[in-house]
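Data first, discussion second: the structure below is written as structure tokens.
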Amino acid sequence: MGIYCLTFDKPLGRMDCHRLESMLRRFESIPLFRTTWLIESTDPIEFLRSRLSRAFGNQTRFFITRLSEPWCTDGIGPASQWLNDSQRRW
């Protein structure tokens, strides 16, 4: 199990946000910022990259990394509560 931080560039054209959000909602996930999400998954990062590549298409660049301790937050509201949930005490 891991928590991954995904951040991405919006393309110059119109991105299909519904398609992306539908894919992200299949995982335990929460938006951190408009173009940054936290994803909890037991899948390897290569699997997530493959799924994200299909959801984003060729026009969007993204970066995904696994979180590790220690980490800290400030002013991120619901995402902070999501991270601090007892299920995510890893």
Side-chain angles (χ1 to χ4, degrees):
M1 166 109 40
I3 296 177
Y4 299 89
C5 182
L6 162 70
T7 187
F8 55 93
D9 266 349
K10 276 198 143 205
L12 296 175
R14 187 168 180 249
M15 185 172 77
D16 185 354
C17 290
H18 176 70
R19 181 176 173 189
L20 172 64
E21 288 183 11
S22 292
M23 191 280 297
L24 289 170
R25 298 282 182 214
R26 292 182 190 152
F27 298 97
E28 190 68 34
S29 64
I30 190 167
L32 188 56
F33 305 112
R34 193 170 53 92
T35 59
T36 304
W37 285 67
L38 297 176
I39 304 167
E40 183 178 34
S41 178
T42 57
D43 296 312
I45 199 165
E46 294 83 8
F47 175 80
L48 294 175
R49 182 187 62 205
S50 173
R51 297 290 296 264
L52 290 165
S53 291
R54 284 184 290 196
F56 281 125
N58 294 332
Q59 297 182 358
T60 302
R61 296 175 297 173
F62 67 89
F63 176 78
I64 186 167
T65 189
R66 185 178 176 150
L67 293 183
S68 62
E69 292 185 290
W71 54 266
C72 61
T73 66
D74 188 22
I76 62 170
S80 182
Q81 294 169 352
W82 185 87
L83 277 169
N84 285 315
D85 188 285
S86 60
Q87 295 178 19
R88 293 181 187 88
R89 298 285 176 155
W90 32 268

Pairwise distance [atom1]([X]) to [atom2]([Y]) - rounded to 0.5 angstrom:
{"X": "Glu40", "Y": "Asp85", "atom1": "CD", "atom2": "CG", "result": "8.5 Å"}
{"X": "Leu83", "Y": "Cys5", "atom1": "CG", "atom2": "SG", "result": "9.5 Å"}
{"X": "Leu48", "Y": "Ser53", "atom1": "CG", "atom2": "OG", "result": "10.5 Å"}

Under the criterion side chain to side chain contact (heavy atoms under 4.5 Å, CB included), which of Ile30, Ile76, Leu32 is the partner of Trp82?
-> Ile30
Heavy-atom pair of closest approach, residues [X] and [Y]:
{"X": "Asp43", "Y": "Phe27", "answer": "OD2-CE2, 3.5 Å"}
{"X": "Ala79", "Y": "Pro31", "answer": "CB-O, 4.2 Å"}
{"X": "Arg66", "Y": "Ile45", "answer": "N-CD1, 4.5 Å"}
{"X": "Phe62", "Y": "Leu52", "answer": "CZ-CB, 3.7 Å"}

With sequence neighbours left out, the residues meeting side chain to side chain donor-acceptor pair (under 3.5 Å) with Arg61 are Asp9
Backbone of Glu46 reached by a side-chain donor or acceptor of Ser50 within 3.5 Å | no
Applying side chain to side chain donor-acceptor pair (under 3.5 Å), which residue pairs with at least one partner in residues 24-36 are found, sequence neighbours left out?
->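 As it turns out, the side chain to side chain donor-acceptor pair (under 3.5 Å) pairs with a partner in residues 24-36, which skip direct neighbours, are Thr7-Thr36, Glu28-Arg88.
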Checking side-chain contact (heavy atoms from CB on, under 4.5 Å) for the pair Leu67/Leu38: CA distance, chi angles, key distance, verdict?
-> CA-CA 9 Å; Leu67 293 183; Leu38 297 176; 4.2 Å; yes
Do Phe8 and Leu6 touch side chain to side chain, with heavy atoms closer than 4.5 Å?
-> yes
